[in-house]
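Everything on this sheet refers to the single structure shown next.
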Amino acid sequence: MSTCSESVVLSCENVAKSFDGKMILQNVNLHLNRGELVCLLGQSGVGKTTLFHVLAGLYQPDEGRVLLNGEDVTGKPGKISYMLQKDLLLPYMSVLDNTAMPLIIAGKKKKEARAEASSHFADFGLEGCQKQYPSQLSGGMRQRAALLRTYLSSRGVALLDEPFSALDTLTKSAMHRWYLDVMRRIELSTLFITHDMDEAIVLSDRIYVIGGRPGTVTAEIVIKEPKPRPDDFVLSETFLRYKRRLVSLL
Amino acid sequence: MTRKLRNITDKLPPVIALVVLVAVWAAVCGFGSIPSYMLPSPGSVVKAFVSDFPLLMQHAGATLTEAFAGLGIGILLAFFTASLMDRFSPLYRAVYPLLVVSQTIPTIAIAPLLISWMGFGMAPKITLVVLTTFFPITVGLLDGYKSVDPDAISLYRSMGAKNGLIFTRIKLPSSLSYFFSGLKISASYAIVGAVIAEWLGGFEGLGVYMTRVKKAYSFDKMFAVILLIVIISLLLMGLVALIKRAVMPWERKGAKES
Ligand SMILES: Nc1ncnc2c1ncn2[C@@H]1O[C@H](COP(=O)(O)OP(=O)(O)O)[C@@H](O)[C@H]1O
Ligand SMILES: [Mg+2]
């Protein structure tokens with residue numbers, strides 16, 4: 001295992017969660033190291049989003065706890081950036097105001113918040129869209145706006161729930177390259193959900209396989225290839241070896 | 001450009017229908033088959049409208065005052081009630097069904113009661129307008145608050161937002177279009193409500209004037225008042241639409257499929 005306790009930024013211990021008496025998650029243990037990109041892979045309905053809600057402090061787990069940099073943050077929202085499965089850009093706010101909201105919530109003045117958000121628009125491929133409304137953007141741009149908003153609410157750790165799943169294959173791989181680049185520049189640790197095996201292998205440092213009923217971590221795979229991985233990585237024998245292993249686990 | 005063209009072609013059929021209707025009306029009156037004191041011709045209605053114009057405006061002023069006062073109070077009350085009900089869900093569950101049912105109570109049935117309780121001044125008229133405008137706006141706002149995607153609230157809570165901010169930044173703006181649909185109905189209810197209350201007694205207002213000209217069998221003047229009420233209601237609804245456009249600019253910006 002690649003655990004080195006000093007570098008763990010986020011972890012959860014023995015998390016269990018049920019709805020109306022039905023166990024959804026049981027005995028979930030996982031951790032995220034600084035600068036890592038770790039993926040949760042599992043079939044839909046297994047409880048991945050529920051686990052993210054617990055990690056983000058939106059759900060109080062029935063059992064277990066969540067630790068952020070050693071501090072117990074179980075049931076305390078507002079500490080970890082969380083990008084939900086939908087982009088959730090508010091239709092009545094300009095793209096700039098949407099992305100500046102986390103800064104305003106954090107107590108910044110409107111003008112400052114806008115200036116700071118705007119300064120990242122070029123990096124996120126959104127330059128010139130500040131005054132537009134979300135409905136005027138393409139799918140990929142909306143996703144990047146949602147990512148910028150997540151980044152601006154960032155406290156170093158981000159949870160991304162199927163961030164790229166709505167995009168077509170070409171847009172998707174462009175977004176992958178772009179996201180890895182952004183992550184490296186801003187030293188972000190990311191835990192993200194996908195049900196796309198290829199995406200998981202291309203992007204991750206490690207993969208947690210979530211399965212069973214109730215859901216739990218059934219396997220952990222370390223992807224040792226250095227990053228960024230070349231474009232033809234998906235065609236390599238190494239890639240296929242990882243994929244075969246995953247297929248056998250799922 | 002094409003949008004403007006479609007706008008015109010959309011409006012053409014009802015305009016033609018209206019012209020035909022007025023023409024038939026004029027023809028019926030022209031044949032003399034109905035006595036003119038029972039059904040005045042379109043021409044005499046317009047004549048009455050023009051000659052009575054200053055008087056009509058004076059009465060319209062009183063009616064509009066009642067309508068605006070009642071609508072204003074109704075809006076404030078609706079915001080207060082809806083926000084409170086949204087904040088406390090037991091209150092919502094207890095009161096919402098009552099609100100919906102109460103909308104079926106006919107205004108006309110309450111008006112005489114209000115008059116006997118409050119006299120012939122403006123108070124009972126304003127109260128009636130408050131009652132008629134309050135419900136559509138409250139229900140509209142409540143539906144609007146409920147229309148908010150719970151995930152949007154989760155997202156904002158994960159950013160550390162508190163209830164107050166979630167209310168002002170998400171719930172309120174998300175319910176604006178519901179509010180305006182309620183307001184559009186309420187604006188025309190407000191005029192009709194005030195007029196109905198005036199029928200039952202008072203010193204000024206279009207309803208008072210209507211009962212007067214009815215007693216004198218001046219049906220041309222009666223029709224002129226009705227015409228004015230229609231015009232005022234349409235203008236008010238237009239005003240609501242204009243305000244909505246100004247307040248909700250994002251509704252107009254070309255939405256792109258995504
Ligand atoms: N708020 C909730 N109330 C009741 N059941 C829920 C709730 N959220 C999720 N569930 C249930 O929990 C299970 C796992 O859902 P979810 O975490 O969304 O799965 P995944 O993200 O892996 O597709 C599903 O069966 C879903 O119906
Ligand atoms: Mg999910």
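To find a chain, count down the sequence lines: A is the first, B the second, and so on, and within it residues start at 1.
Of all the listed residues (A106(A), A56(A), G57(A), P91(A)), the one sharing the greatest number of non-hydrogen pairs under 4.5 Å with chain B is P91(A). Interface check for chain A: of the options A152(B), G160(B), A161(B), P173(B), the most heavy-atom pairs under 4.5 Å are formed by P173(B). For the options L84(A), I80(A), L159(A), heavy-atom pairs under 4.5 Å to chain B are most numerous at L84(A).
Between D161(A) and K48(A), no side-chain nitrogen of the basic residue sits less than 4.0 Å from a carboxylate oxygen of the acidic one, so the salt-bridge criterion is not met. Between D196(A) and K172(A) a salt bridge is recorded (basic side-chain N to carboxylate O distance below 4.0 Å).
At a 4.5 Å heavy-atom cutoff, K76(A) makes no contact with chain B through either its backbone or its side chain. Only the side chain of L90(A) comes within less than 4.5 Å of a heavy atom in chain B; its backbone stays farther off. Only the side chain of I104(A) comes within contact range of chain B, with at least one heavy atom under 4.5 Å from a heavy atom of that chain. Neither the backbone nor the side chain of L176(B) comes within contact range of chain A, judged by heavy atoms closer than 4.5 Å. For L165(B), the part lying near chain A is the side chain, with the backbone staying farther off; criterion is any non-hydrogen pair under 4.5 Å. Using a 4.5 Å cut-off between heavy atoms, S81(A) does not touch chain B at all. The contact between D151(B) and chain A is made by backbone and side chain atoms together, counting heavy-atom distances below 4.5 Å.
No donor-acceptor contact under 3.5 angstrom links the side chains of T99(A) and Y151(A), judged on distance only.
Put simply, the side chain of Q136(A) gets close to the backbone of Y133(A): a donor and an acceptor are under 3.5 Å apart. Looking at S186(B), its side chain never comes within 3.5 Å of a backbone N or O of L183(B) through a donor-acceptor pair.
Across S175(B), S83(B), S174(B), a single residue satisfies side-chain hydrogen bond (donor to acceptor under 3.5 Å, both in side chains) together with Y145(B), and that is S83(B).
Classification of the Y92(B)-Y96(B) ring pair by plane angle, with boundaries at 30° and 60°, yields parallel.
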